[in-house]
Colleague: 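Provided herewith is a single structure, encoded as structure tokens, for subsequent inquiry.
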Amino acid sequence: MRLSHQCLLFSMCLVAPSAFAAQATMNITNDWGQGAQAEIVVLNDDPVPLSDWTVEFDLDAEITQIWNGNIVSHTGSHYVVGPAGYNGTVGVDGQVSIGFLTTPGGLSAVPVTVQGDGGGSSSSSSSSSSSSSSSSSSSSSSSSSSSSSSSSSSSSSSSSSSSSSGGDYLGYETSGFITVDQFGYLPDSEKVAVLRDPQLGYDSAGEYVPDSDIRVVDLDSGEVVYTAQASAWNGGATGDNSGDRVWHLDFSAVTAPGEYILADAQSELRSPAFRIGADIYRPVLEQAVRTFYYQRAGFAKQSPYADARWADGASHLGTSQDPEATLYSDADNANTQRDLRGGWFDAGDYNKYTNWHADYLIALLHSYRENPAVWSDDFNIPESGNGIPDLLDEVIWGMDWLVRMQEDNGSVLSVMDLSHASPPSSASGPSTYGPATTAASYTSAAAFALGSHIFGQIAGLESYAADLRDRAEAAWQWAQANPAVTFYNADNGVAAGEQEVDDYGRFAKSLIAAVQLYGATGAAEYRDYVEANYQDAHLMLWSWASIWEAEIQHALLYYSSLDGVSGEVASAIRSTYETAMNGDANWPAVTGDIDAYRASIPEYTWGSNRSHSHQGNLYLDQQLFNAGGPGTAEARDAALRHLNYLHGVNPRGQVYLSNMGEFGAEHSVDSFYHTWFADGSPLWDSVGESSYGPAPGFLVGGPNPSYDWDACCPGSCGSPENNALCGVAPPEPPYGQPAQKSFLDFNTSWPLNSWAVTENHNAYQVAYIRLLSKFVPADSE
């Protein structure tokens with residue numbers, strides 16, 4: 001995490017010592033007995049930058065996790081810690097904050113010695129400690145209500161480089177008016193910040209007009225390395241989705257790796273800090289993937305794999321739970337018992353839905369297939385170090401549950417209803433399941449088939465792959481013989497979300513299954529099915545490439561790349577996709593610059609953050625499968641705009657991942673709807689208000705302009721006590737806002753129904769992971 005000049009992340013500010021040299025101070029920021037969290041702040045009081053620095057200290061505990069630094073050596077109780085790579089130089093009057101976790105707890109702060117190249121190469125400071133009831137990983141919120149008296153408006157896009165320094169840029173207020181990707185930018189990518197003057201919505205009282213020159217400041221040296229003039233978007237119009245008047249600031253010319261801010265000298269405002277580097281998104285990807293580990297049902301989350309703040313025992317393994325699950329309509333009949341342990345909690349609820357779960361497996365498998373060099377074996381899950389990429393280990397965990405859901409006749413059970421509590425291990429109610437369906441069987445056939453194809457290429461997994469292939473064919477055969485078996489689980493009181501599909505939905509699933517089966521087996525039966533039916537897919541019927549049909553579109557493009565496919569069919573798929581991408585919602589939205597925040601989606605609905613991930617993937621798929629388009633660079637830039645939006649280039653200046661303060665975000669999601677991280681929980685409710693907040697890396701649903709409190713509010717919720725839960729009016733935001741401002745960090749359940757805005761969902765997560773992984777370099781080990 002970063003510590004700003006104003007001590008934004010901690011309640012105690014550190015005063016730089018008067019010694020004419022670098023100093024370091026350790027603080028214990030949280031201690032829960034079994035573990036502790038601490039930070040070391042290195043302050044450079046020299047008149048020259050401090051480089052090649054290390055800190056040394058003796059600590060009677062094991063460091064289990066560290067950020068913004070690396071352990072250089074550890075002998076006995078003596079530690080030597082160096083920089084993380086992007087903070088190897090500490091500028092004049094600059095500072096670096098290193099955070100770490102230990103086991104056990106019960107720590108006291110100890111003296112820390114600094115070594116490095118600079119005017120004062122070595123010094124020691126007395127240690128200080130502070131205890132806190134809340135984790136120091138709190139993300140600091142950007143101020144979006146600051147105002148500027150600037151009367152200078154710039155519309156020119158010209159820019160000039162500069163090496164001048166001067167001005168206390170770190171002393172400027174971090175402003176929500178200057179939005180950047182808070183994790184950073186790739187050196188060779190476009191880099192465009194959005195500066196905002198809110199006109200409509202909850203923050204419309206704020207005012208900001210940018211200075212004629214915005215400065216790009218290197219945080220290590222304190223120097224201005226570039227200046228640029230902001231260009232007014234759409235002639236100064238107010239964006240329909242955002243309610244903001246904005247300016248775009250292009251600083252793509254800055255390519256040197258390092259840590260930077262944007263500074264407005266006239267208003268004395270600055271952006272959150274961000275990095276430029278090839279590896280900026282790798283830590284983010286690791287956390288995004290690790291959310292599946294925290295979502296595992298029936299698996300203990302324990303140190304060293306689980307962060308001690310989110311440790312928990314195995315859930316749903318008791319009497320009448322997952323290993324003894326029974327049919328929902330005959331729950332007392334022991335003959336209906338099935339061992340259905342494992343899998344992942346689907347979202348903020350703990351239920352497990354076969355249709356959706358199989359789709360997650362397919363998306364994760366394609367994420368691996370499309371960029372295998374990214375997926376290393378060191379994501380710190382229990383299977384790390386076994387010689388298999390950790391993403392595939394996580395897929396195996398999810399696949400094993402799908403195997404248990406398959407019946408002897410090849411059909412696949414549709415859904416599981418699990419009990420809920422916080423933490424998950426305290427859930428004690430029974431588990432039930434729904435019957436097999438056609439859709440569940442088709443979707444499972446596709447997942448089994450793709451799994452057999454991928455795992456068949458991994459040494460030691462050949463027999464596992466062969467079993468999956470047999471299961472895929474058995475599921476296909478059952479579904480073909482039973483084409484219209486449905487089960488509407490929500491109507492039958494099983495689980496929460498409704499996963500059943502209509503006739504077209506089953507058709508699309510059959511087509512996806514046939515594609516994956518052909519890819520796995522090369523059998524003519526499956527090729528013939530695809531080529532006899534592909535023209536009835538909406539992509540082909542309507543020349544429509546849509547965020548709403550990402551799975552079937554991707555399957556058809558994948559099919560066009562397989563050996564043995566009719567050249568005519570492959571060409572028809574690719575050319576139709578090219579035509580569809582020239583539709584208004586896709587490339588014309590990019591070239592026409594129709595969205596003030598540069599990341600256009602057709603509409604904002606429940607789960608808009610998934611829509612942004614899917615939209616980014618549409619552009620990348622066009623290049624991946626040689627389906628036309630402007631070019632590789634253009635596709636990557638178009639896709640990156642959606643990552644930039646999710647990472648902070650939005651009207652809220654917010655990273656839409658949970659609790660990412662330790663990984664570079666200054667304003668990430670503080671709380672979201674999840675049964676584990678429940679409203680009112682003293683441990684996990686909120687980053688800012690409870691001990692730890694939710695676990696990091698969960699992509700939340702995002703702005704939803706259709707949000708409203710429950711239909712029973714304000715006066716028909718069954719009792720005066722229930723009515724009182726509604727409040728006086730729906731919370732604003734998210735209610736009654738421009739689309740992109742229809743968001744609030746909250747996790748209340750009924751009747752305020754925060755799940756429509758903030759709930760996570762594995763469908764959001766896999767779309768985001770697939771997009772993000774395309775911008776992470778190959779593993780270097």
Side-chain angles (χ1 to χ4, degrees), residues 289 292-293 296-299 305 322-323 338-344 352 354 357-379 381-413 436 440-480 512-527 555 558 562-564 766 779:
V289 171
F292 280 92
Y293 168 64
R296 289 186 187 185
F299 194 95
Y305 311 110
D322 288 10
R338 300 285 188 276
D339 179 3
L340 302 178
R341 57 195 159 83
W344 301 302
K352 296 181 280 191
T354 303
H357 186 101
D359 280 339
Y360 312 151
L361 295 171
I362 294 168
L364 293 175
L365 285 164
H366 278 302
S367 296
Y368 172 81
R369 185 191 63 78
E370 291 165 355
N371 206 2
V374 166
W375 302 105
S376 54
D377 192 20
D378 58 355
F379 280 41
I381 62 174
E383 298 82 4
S384 294
N386 67 356
I388 299 171
D390 281 349
L391 184 73
L392 294 186
D393 283 321
E394 197 62 60
V395 167
I396 289 171
W397 172 263
M399 192 73 78
D400 286 348
W401 175 76
L402 201 62
V403 165
R404 296 187 188 100
M405 292 291 281
Q406 188 170 34
E407 298 279 70
D408 291 341
N409 63 1
S411 67
V412 184
L413 302 173
S441 300
Y442 273 138
T443 315
S444 298
F448 290 148
L450 183 58
S452 72
H453 176 62
I454 299 298
F455 293 129
Q457 303 170 44
I458 307 294
L461 293 179
E462 294 88 351
S463 61
Y464 185 72
D467 179 64
L468 292 180
R469 173 174 167 165
D470 291 343
R471 292 179 177 279
E473 296 205 88
W476 168 266
Q477 290 162 8
W478 185 89
Q480 284 280 284
I512 295 170
V515 167
Q516 304 302 345
L517 278 159
Y518 177 69
T521 69
E525 170 190 359
Y526 306 115
R527 181 190 62 206
Y558 173 56
L562 297 176
D563 292 338
V766 297
D779 179 42

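Reckoned from all heavy atoms, side chains included, excluding hydrogens, waters and symmetry mates.
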Colleague: Would you indicate whether the side-chain heavy atoms of D393 and D377 approach each other to under 4.5 Å?
Modeller: yes

Colleague: Keeping K352 on the side-chain end and R341 on the backbone end, is there a donor-acceptor pair under 3.5 Å?
Modeller: no

Colleague: Between the main-chain N or O of G398 and the side-chain N or O of H357, is there a donor-acceptor pair closer than 3.5 Å?
Modeller: yes

Colleague: Apply side chain to side chain contact (heavy atoms under 4.5 Å, CB included) to F448 and Q516, showing your working.
Modeller: CA-CA 9 Å; F448 290 148; Q516 304 302 345; over 6 Å; no

Colleague: Out of curiosity, E473 CD to Q480 CD, how far, rounded to the nearest 0.5 Å?
Modeller: 12.0 Å

Colleague: Are any of the side-chain heavy atoms of E407 and V412 separated by less than 4.5 Å?
Modeller: no

Colleague: If you measure from OG on S463 to CG on L468, what distance do you get to the nearest 0.5 Å?
Modeller: 9.5 Å

Colleague: Determine the minimum heavy-atom distance between A479 and S441, stating which atoms define it.
Modeller: CB-CB, 4.1 Å

Colleague: To the nearest 0.5 Å, what is the distance between OG on S444 and CH2 on W478?
Modeller: 11.0 Å

Colleague: Between the side chain of Q477 and the main-chain N/O of A475, is any donor-acceptor distance below 3.5 Å?
Modeller: no

Colleague: Please find the pair of heavy atoms, one from A447 and one from A358, that lie closest to each other, and give the distance.
Modeller: CB-O, 3.8 Å

Colleague: Find out whether L365 and F455 are in side-chain contact, i.e. whether some heavy atom of one side chain is under 4.5 Å from a heavy atom of the other.
Modeller: yes

Colleague: Does D339 have more than 12 heavy atoms from other residues, nucleotides or ligands lying within 6.0 Å of its CG?
Modeller: yes

Colleague: Is the shortest heavy-atom distance from the side chain of I396 to the side chain of L461 under 4.5 Å?
Modeller: yes

Colleague: Looking at W397, does the NZ or CZ of R296 lie under 6.0 angstrom from its six-membered ring centre and within 45 degrees of the ring axis?
Modeller: yes

Colleague: Would you name the heavy atoms of A445 and A513 that are closest together and state the gap between them?
Modeller: CB-CB, 4.3 Å

Colleague: Is it the case that the side chains of Y305 and E383 hold a donor-acceptor pair, with the cut-off being a distance below 3.5 Å and no angle test?
Modeller: no

Colleague: S384 and D390: side-chain donor and acceptor closer than 3.5 Å?
Modeller: yes

Colleague: Supply the atom-to-atom distance I454 CD1 to I362 CD1, rounded to the nearest 0.5 angstrom.
Modeller: 11.5 Å

Colleague: With side chains defined as the heavy atoms from C-beta onward, is the minimum distance between T354 and T443 less than 4.5 Å?
Modeller: no

Colleague: Would you say the side chains of E370 and Y558 form a donor-acceptor pair under 3.5 Å?
Modeller: no

Colleague: Any non-hydrogen side-chain atom of I512 less than 4.5 Å from a side-chain atom of Y442?
Modeller: no

Colleague: Looking at CG of L391 and CG of N371, how far apart are the two atoms once the value is rounded to the nearest 0.5 Å?
Modeller: 11.0 Å

Colleague: Is the backbone of L340 close enough, under 3.5 Å, to the side chain of W401 for a donor and an acceptor to pair up by distance?
Modeller: yes

Colleague: Rounded at 0.5 Å granularity, tell me how far CG in L361 sits from NE2 in H366.
Modeller: 11.5 Å

Colleague: Between D400 and R404, does any side-chain N to carboxylate O distance fall below 4.0 Å?
Modeller: no

Colleague: Under 3.5 Å, side chain of Q406 to main-chain N/O of R471, donor-acceptor pair present?
Modeller: yes

Colleague: Is a donor on one side and an acceptor on the other found under 3.5 Å between the side chain of W375 and the backbone of S367?
Modeller: yes

Colleague: Could you tell me whether the side chain of S452 reaches within less than 4.5 Å of the side chain of Y464, counting heavy atoms only?
Modeller: no

Colleague: F379 and Y293: side chain to side chain contact (heavy atoms under 4.5 Å, CB included), yes or no, with the steps?
Modeller: CA-CA 10 Å; F379 280 41; Y293 168 64; over 6 Å; no

Colleague: Report yes if the side chains of Y360 and V395 come closer than 4.5 Å at any heavy-atom pair, otherwise no.
Modeller: no

